[in-house]
Amino acid sequence: MIDIGKYDHIELEQKWQKHMPKSENKNGRFSVVIPPPNVTGSLHMGHALNITLQDIICRWQLMNGKDVMWVPGFDHAGIATQYVVEKKLQSEGKNRLEIGKGEFLKAVWEWVPVSRESIKSQLLSLGAVVKWDMERFTMDEGLSRAVRRAFKILYKEGLIYRSNYMISWCPNDLTALSDLEVEHEEQPSELYYIRYNLEGEDGYIVVATTRPETLLGDVAVAVHPQDERYKNLVGKTLKLPLVSWERLSESGKPVSYKIPLIADERIKPEFGTGAVKITPAHDALDFEIALSHGLEKVNVMDEHAVMNQNAGPFKGLERYEARKRIISELKTLGLLEKIEPHKSAIGRCYRCKTVIEPRVSSQWFLKVTDPRIKEKAIQMVTSGRIKFIPQGWSKLYLQWMENLRDWCISRQIWWGHKIPVWHCNSCGHINVFDDEDFDRVYDKIIFNLIADGKISQDFTPEEVEKILKSPSFTAPELTVLEFYKKFAFYKYHSLDMDANSLRLFISQDLNPTAILTEKKNRYRYNPKTKTYRFILRCQHCNSEDLIQEEDVLDTWFSSALWPFSVFGWPEDTKALKDFYPTDLLVTGFDIIFFWVARMIMMGSYFTNEAPFRDVYIHALIRDEKGQKMSKTKGNVIDPLEVIKDYGADALRFTLAILTQQGRDLKLSTKSFEGYRHFINKLWNAGRFIMMNVDKDLLSKAIYSSAPGKEDLWISSKLNKTAEIVNKSLENYEFSQAARALYEFVWSDFCDWYIELVKVRLKSFTQDNQPTPENISAQLSLLSIFEKTLRLLHPFIPFVTSELWQYLPSSYQDITKAGYYHKDPSGIFPEAEREIEELIGLISSIRALRADLKIPPSSKVNLFYLKNSLSHLFGEFEAQIKTLAKIESIELSQARPPSSGAGYFKDQEFFIPLPENSSPEELISGYERRLLELSKTIESLNQKLSNQEFLSKAPEEEVEKAKNILEDSKNEALRLQRLIKSIR
RNA sequence: GGGCGAUUAGCUCAGGGGUAGAGCGCCAUCCUCACAAGAUGGAGGUCAGAGGUUCAAGUCCUCUAUCGCCCACCA
């Protein structure tokens, strides 16, 4: 019997944060990879939800005896991180372009651990049972290597190609973007009707455009071949307005301002005038039309979307300024027919919101449209190998997959995986290297260091040693070399590499006799700089004049490999065998295309497996008004603040119970309050139990009486709850599971069970020993509470771990005790029925008291007539007295005079009217009830006189209706009588 | 232009054929010895609208309205 005091989440959670349960492999394995948070700052509420749901499942599986592998990690998040660091530098008065690439990347590498540490501590405070010794970073040594291998394989298979193609270009970030990174937004704009005169004869054609400034880059005007209006004009030449200078095409050819009128099927006659200006360098459709008609491309803008020399006098103007000028000049010349309002979808950069400029440039593409990728990825879902939950998302996935376009994977930014391509300056060959191209492990490691940008191609052995012996960025307890060994070179058990051994290795390589025996040596010494050069040779012409591609890869390229690269792919590691394919992926719907689809594509392509079995898609968090949370709006709720104010358990439970399968989850700080109360309630129940349980209870257990009916009742309730919870978790119905637990703990366990059992807990023998009834009550309390804690643990790990400590359990760790599952032998229908009746009876007595305005503090006498439920008054006399504040209970032959009457089912009971009381409340309550009953009776009468209902409805339904009718009629009669008698 | 989702108590949402549920808020009474972060009782809803299927419809189907989201190379 101890008092564990008041609930204090702060101290308690800090204590349990560091506690990481170990999983055993009693029951198979369960693996999940975390959606790696971006190293752009700290976690927001969406992450908290994501982490909580994964943790609930992982802890549940852990308690079910699974060896749970939840891999944590971080995403380098190319543009996003570059953007954040750029902003940071700006605030320090520095500029990315001024300090240069090397310095900038250094700044990023300094920033990343800051963000990573902050996220890591957030994961800890949320209670995530991730395996920290498996932590990965998308730019760590192993994953960078996996990226190069993947790129190489795809390139060799012809699935990656480089092409001069129309892409979406952000003039602010100065990079290409994939289709997905362009946000479309419908907004009002203008449609300009411009007159293009025929060359050499009278007449003109009117062209409609939303982008008049690109007119300077027009190379043709196109109409639909069947368009009667223009049929006879096709083939004629038009004079491009405003332009009188010679423009140069992409390939350097001069392009005349006299442009042809061409016909093309793709033109829709119903739009505008049916005549379209063709600007292949600034519009995707025009680009394709130009391709099929052999037209040149005239680019009129530079990378900043500022007009270039092809724009003649407009050169140097920003694109919208150019538009204004061109419109006004066209007006002056009388070439502008009209301006119509128009709404068009305008593309913006997802990061900086700058309007995208379609631009022709040389980029790398991943041919996801190839059946080898696409068909496999579609099949993974159609065959049911991968299951989306909720199901509806698979449709979205499939729709998107069916309409795929090739994925532009190159970015002109600095932060990211450099594309592992070395262009040959001699023959132009494209060399794709990875460490497979080098036989010796020293070479492999040197190559990887160079490819990762950790050393330059000219290096000293000391530099290499320093890096290899420095702590790994991802796992500081390991050196870089050890990290390499763990994930890539684990087969080289005795691998050690320092400056001396490297020097020795290289000197052997440089040995003139070696040159004779080997084809070519790998290293060259430069006595001037005292550096060695790692020689790369063109695979085609053997030239050493190679230059590495400057572009980096789309950040999602490495993310796409995440589920298998974290386990050591491309090596055939044990972890990969044990934990891949993973079992579950939990993520938001906003990255189904960005990430989920690409993981499926890359996973099925490289491993022939689905990267995961179940994909649980959760809602996105919004504020209380349903708006997106954003820093600029100031409506963000910081999970850390919530954890501080309400506790991680309250945060987790709130998120779990509010998770519905919709798209939005509205949240306000108030949401957490109610569930913090729930945690507090649980705590206090625990506190009560500890206060009332004998220290030596177990040794006294042999004196226990048989369980009471309320013990059997709560056992039934618990087991039914366990069934719901387990079933719900199997189906990822977090909310349902949490609600069942909430209801059980509060309504059944606290409100009724503890109250009912208090009577027995106060029962002692004369020599102050607990009576057998008392002992059985204590045993039951403990047993139910212990199972309840186990059921709750995955949702609220901290408070359950703490409370668990006080239990006389044979397991030190709650996770070791196993998850609780329904035990059919713990269900007692008879006791359930009886206690339910007792509860109904007590509630009715309380209601009568309230209607008679008897204050809770005053005890009253209760009389009852003999009836089918009368035995409850005897059997549970003490409980009824306590719970309904009754002084005495007496069996009476008739209703006592001047009494208020109440009833439950057939059982009537009476409380003497207090002085000066008026039973108004009681009567109006009864009248309301009577009205309700008359409605029920009417509709049931109707139903039961309906022949079709009687003949077609199932027997039990008819029976049920009859019973309800019967009961309602009886109750109505009783009410009428009671009302009359009170009056 | 296609597609998806939502519409149930004042608010946030459960309920997926058999006569409406929870939490918060509200009203009333209580600091009763686990818990005022609490206890007890109570008020409050023709389940967006219209049709249909069915003996029976928040629940299934169709249409409409409103709100929200996603996708899209109509210049």
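Just so it is clear, the model here is predicted, and its values are computed rather than measured. Order of the sequence lines fixes the chain letters, A, B, ..., with proteins taken first and strands second; residue numbering starts at 1 for each chain.
- Ser857(A) comes within 4.0 angstrom of no nucleic acid atom, judged by non-hydrogen atoms across all strands.
- Donor-acceptor pairing under 3.5 Å, judged by distance alone, is present between the side chain of Lys681(A) and the base of C35(B).
- A distance of 6.0 Å or more separates the ring centres of Trp393(A) and Tyr397(A).
- Between Arg266(A) and Ser292(A), the side chains place a donor N or O and an acceptor N or O closer than 3.5 Å (distance only, hydrogens not considered).
- Atom CD of Glu938(A) has 12 or fewer heavy atoms from other residues, nucleotides or ligands within 6.0 Å.
- For Leu285(A), counting side-chain heavy atoms from C-beta on, the closest listed nucleotide (G41(B), C73(B), U19(B)) is C73(B).
- Nearest to the side-chain atoms of Ser344(A) among the listed nucleotides G3(B), A75(B), A37(B) stands A75(B).
- Residue contacts for Asn403(A): at a heavy-atom cut-off of 4.0 Å it reaches no nucleic acid atom on any strand shown.
- The partner of C4(B), taking Watson-Crick or G-U wobble pairs whose two distances both stay under 3.5 Å, is G68(B).
- Of the N and O atoms on the side chains of Ser189(A) and Thr210(A), not one donor lies less than 3.5 Å from an acceptor on the other residue.
- The side chain of Pro954(A) has G18(B) as its nearest neighbour among G18(B), A75(B), G25(B).
- Comparing U32(B), G18(B), C55(B) against the side chain of Lys885(A) picks out U32(B) as the nearest.
- For Pro856(A), the side-chain atoms get nearest to C30(B) when compared with the rest of A37(B), G41(B), C30(B).
- Expressed to the nearest 0.5 Å, how far OG of Ser924(A) lies from CG of Asp851(A) amounts to 7.5 Å.
- Between Arg622(A) atom CZ and A6(B) atom P the separation is 15 Å, expressed in whole Å.
- If you check the side chains of Gln942(A) and Asn946(A), you find no donor sitting under 3.5 Å from an acceptor.
- Across all strands, Arg739(A) comes closer than 4.0 Å only to sugar-phosphate atoms, never to a base (heavy-atom distances).
- In this model, the phosphate group of A36(B) is not approached by any side-chain N or O of His677(A) to a distance below 4.0 Å at OP1 or OP2.
- Atom P of nucleotide U54(B) and atom CG of Leu950(A) are separated by 19 Å, given to the nearest angstrom.
- Residue contacts for Ile854(A): at a heavy-atom cut-off of 4.0 Å it reaches no nucleic acid atom on any strand shown.
- Applying the 3.5 Å distance criterion, the base of U19(B) shares no donor-acceptor pair with the side chain of Thr936(A).
- Across A43(B), G68(B), A34(B), the shortest atom-to-atom separation from the side chain of Met691(A) is found for A34(B).
- Between the side chain of Glu755(A) and the base of A34(B), at least one donor-acceptor pair of N or O atoms lies under 3.5 Å.
- When the C1' atom of U54(B) is taken as reference, atom NZ of Lys952(A) falls 8 Å away, rounded to whole Å.
- The side chain of Arg676(A) has A37(B) as its nearest neighbour among G42(B), A37(B), C4(B).
- Going from atom OH of Tyr675(A) over to atom P of C24(B) covers 8 Å, rounded to whole Å.
- Base pairing of U62(B) is made with A50(B), judged by Watson-Crick or G-U wobble geometry with both donor-acceptor distances under 3.5 Å.
- If you take CG of Leu396(A) and P of C69(B), they are 16 Å apart, rounded to a whole angstrom.
- In this structure, Lys670(A) reaches the sugar-phosphate backbone alone: every heavy-atom distance under 4.0 Å involves primed, P, OP1 or OP2 atoms, never a base.
- Within the 4.0 Å cut-off from OP1 or OP2 of C13(B), at least one side-chain nitrogen or oxygen of Lys666(A) is found.
- RNA chain B is contacted by both Pro855(A) and Gly674(A); Gly674(A) maps to the nucleotide lying nearer its 5′ end (nearest heavy atom per residue).
- As judged by a 4.0 angstrom heavy-atom cut-off over every strand, Ser668(A) is placed among residues making no nucleic acid contact.
- Both tests do not hold together for Lys681(A) against Phe749(A): distance to the six-membered ring centre under 6.0 Å, angle to the ring axis within 45°.
- Nucleotide C26(B) forms a pair with G42(B), judged by Watson-Crick or G-U wobble geometry with both contacts under 3.5 Å.
- Contact annotation: Arg846(A) side-chain N/O to G42(B) OP1/OP2 distance is not under 4.0 Å.
- Taking the syn range as angles within 90° of 0, the glycosidic angle of G17(B) is outside it, so the base is anti.
- Comparing the P positions of C33(B) and G21(B) gives an interatomic distance of 34 Å, to the nearest angstrom.
- Counted by atom type alone, Asp406(A) and Tyr165(A) present zero donor-acceptor pairs between their side chains at under 3.5 Å.
- The side chain of Trp393(A) places no N or O atom within less than 4.0 Å of a non-bridging phosphate oxygen (OP1 or OP2) of G3(B).
- If you check every strand for non-hydrogen atoms under 4.0 Å, His282(A) touches nothing.
- A glycosidic torsion no more than 90° from 0 defines the syn conformation; G49(B) lies beyond that range and is anti.
- No side-chain donor-acceptor contact under 3.5 Å links Tyr646(A) and Thr669(A).
- Counting only heavy atoms from C-beta on, Ala685(A) has its side chain closest to A34(B) among A34(B), G38(B), U19(B).
- The distance from atom CG of Asp179(A) to atom C1' of C70(B) is 15 Å, rounded to the nearest whole Å.
- In this structure, NZ of Lys268(A) is placed 9 Å from C1' of C73(B), rounded to the nearest angstrom.
- Listed nucleotides G41(B), G3(B), A72(B) differ in distance to Gln399(A); the shortest reach to its side chain belongs to G3(B).
- Here the C1' atom of nucleotide C71(B) and the CD1 atom of Ile592(A) are 12 Å apart, to the nearest Å.
- Both Ala275(A) and Phe688(A) lie close to RNA chain B; mapped to their nearest nucleotides by heavy-atom distance, the more 5′-ward contact belongs to Phe688(A).
- Pair assignment for U19(B): none, as no Watson-Crick or G-U wobble contacts are both less than 3.5 Å.
- Contact annotation for Lys343(A): no contact, since no heavy-atom pair falls under 4.0 Å across all strands.
- Counting only heavy atoms from C-beta on, Ala953(A) has its side chain closest to G18(B) among G18(B), U40(B), A75(B).
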